[in-house]
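Computed from a predicted structure; not experimentally measured.
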Amino acid sequence: MNDNARGTDLAGLKVMVIDDSKTIRRTAETLLKKEGCDVLTAVDGFEALAKISDQKPDIIFVDIMMPRLDGYQTCALIKNNAQFRATPVIMLSSKDGLFDKARGRIVGAEQYLTKPFTRDELLGAIQRFAGAH
């Protein structure tokens with residue numbers, strides 16, 4: 001795999017973004033595609049779980065506040081599946097609360113990003129965990 005000029009090694013990485021906000025999905029998708037990532041999106045946990053088993057992403061970003069199946073439940077379901085237990089899950093939230101971070105860790109999330117996130121935060125989180133694959 002050839003690295004681009006800036007030396008990021010994200011090309012070809014399959015990244016999933018689960019968020020009920022079209023703006024967040026679009027922003028993340030645009031940023032990640034510029035880095036050469038293969039981006040999958042889902043509007044909620046139910047749609048995401050079907051895509052995860054089908055597409056097997058390398059890293060997953062999941063919003064906490066979503067209808068039907070929230071981010072904690074979605075993360076717990078991913079982590080309870082032996083096939084996806086090792087897949088890094090990063091929680092996204094507009095709240096920067098200690099309780100939310102602790103709850104994210106309990107369900108197995110690797111990291112917690114507060115929205116709105118910056119390009120560097122998003123890419124930094126991926127680079128931190130991409131090496132695990």
Test side chain to side chain contact (heavy atoms under 4.5 Å, CB included) applied to E35 and R119, step by step: CA-CA 11 Å; E35 300 299 317; R119 173 189 173 276; 2.9 Å; yes
Inset, instruction - Carefully, step by step, assess E29 and K34 under the rule salt bridge (Lys or Arg N to Asp or Glu O under 4.0 Å). - result: CA-CA 9 Å; E29 191 171 11; K34 275 187 190 149; over 6 Å; no
| task | Carefully, step by step, assess K33 and D38 under the rule salt bridge (Lys or Arg N to Asp or Glu O under 4.0 Å). | result | CA-CA 7 Å; K33 282 191 170 165; D38 184 5; over 6 Å; no
### Task
Report the C-alpha separation of L123 and L31 in whole Å, then their side-chain angles, then the decisive distance to 0.1 Å, and conclude whether the side chain to side chain contact (heavy atoms under 4.5 Å, CB included) test is met.
CA-CA 9 Å; L123 299 180; L31 285 171; 5.6 Å; no
Passes side chain to side chain contact (heavy atoms under 4.5 Å, CB included), Q127 versus L10? Steps please. CA-CA 7 Å; Q127 281 163 334; L10 306 183; 3.8 Å; yes
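Surrounding NZ of K56 are more than 12 heavy atoms belonging to other residues, nucleotides or ligands, all under 6.0 Å away.
I126 and F84 are members of different hydrophobic clusters when ILVMFWY side chains are connected at heavy-atom separations under 4.5 Å. The cluster map of Ile, Leu, Val, Met, Phe, Trp and Tyr, joined by side-chain heavy atoms under 4.5 Å apart, puts L77 and M91 in the same cluster. Residues L92 and L49 do not share a hydrophobic cluster, clusters being chains of Ile/Leu/Val/Met/Phe/Trp/Tyr side chains in contact below 4.5 Å. Taken together through direct or relayed side-chain contacts under 4.5 Å among Ile, Leu, Val, Met, Phe, Trp and Tyr, V43 and M65 form parts of separate hydrophobic clusters.
Atoms CG and OH, on L98 and Y112 in that order, are 9.5 Å from each other to the nearest 0.5 Å. Here the OG1-CD1 distance, from T87 to I52, works out to 8.0 Å after rounding to the nearest 0.5 Å. Summarising the geometry, atom CG belonging to L69 is positioned 4.5 Å from atom CZ belonging to F46; distances are rounded to the nearest 0.5 Å. Going from atom CD1 of I60 over to atom CD1 of I90 covers 10.0 Å, rounded to the nearest 0.5 Å. Between the OG atom in S53 and the CG atom in N81 there is a gap of 8.0 Å [rounded to 0.5 Å]. Between the CG atom in L32 and the CG atom in L122 there is a gap of 4.5 Å [rounded to 0.5 Å].
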Just distance, no hydrogens or angles: give the donor-acceptor pairs under 3.5 Å from side chains in residues 102-110, sequence neighbours left out.
| unit_1 | atom_1 | unit_2 | atom_2 | d |
| --- | --- | --- | --- | --- |
| E110 | OE1 | K79 | NZ | 3.1 |
| E110 | OE1 | V89 | N | 2.8 |
| E110 | OE2 | K79 | NZ | 3.1 |

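For the pair Q55 and M16, the minimum side-chain heavy-atom distance is 4.5 Å or more. Looking at T118 and E121, their side chains come closer than 4.5 Å, going by heavy atoms from C-beta outward. Residues S94 and T114 have side chains not in contact (no heavy-atom distance under 4.5 Å, counting atoms from C-beta outward).
In this structure, E47 does not pair ionically with R68, as no charged nitrogen and carboxylate oxygen lie closer than 4.0 Å. Between D63 and K115, at least one side-chain N (NZ, or NE/NH1/NH2) sits under 4.0 Å from a carboxylate O, which counts as a salt bridge.
Screening I18, L40, V17, L13 for a side chain to side chain contact (heavy atoms under 4.5 Å, CB included) with P57, the sole residue that qualifies is L40. Between V62 and the choices D70, D44, T74, the side chain to side chain contact (heavy atoms under 4.5 Å, CB included) rule is met once, by T74.
Here the side chain of N80 pairs a donor or acceptor atom with the backbone of A76 at under 3.5 angstrom. In this structure, the side chain of D19 does not engage the main chain of R25 through any donor-acceptor pair within 3.5 Å.
Pairing each heavy atom of L113 with each of A125, the nearest pair is CD1-CB, 4.5 Å.
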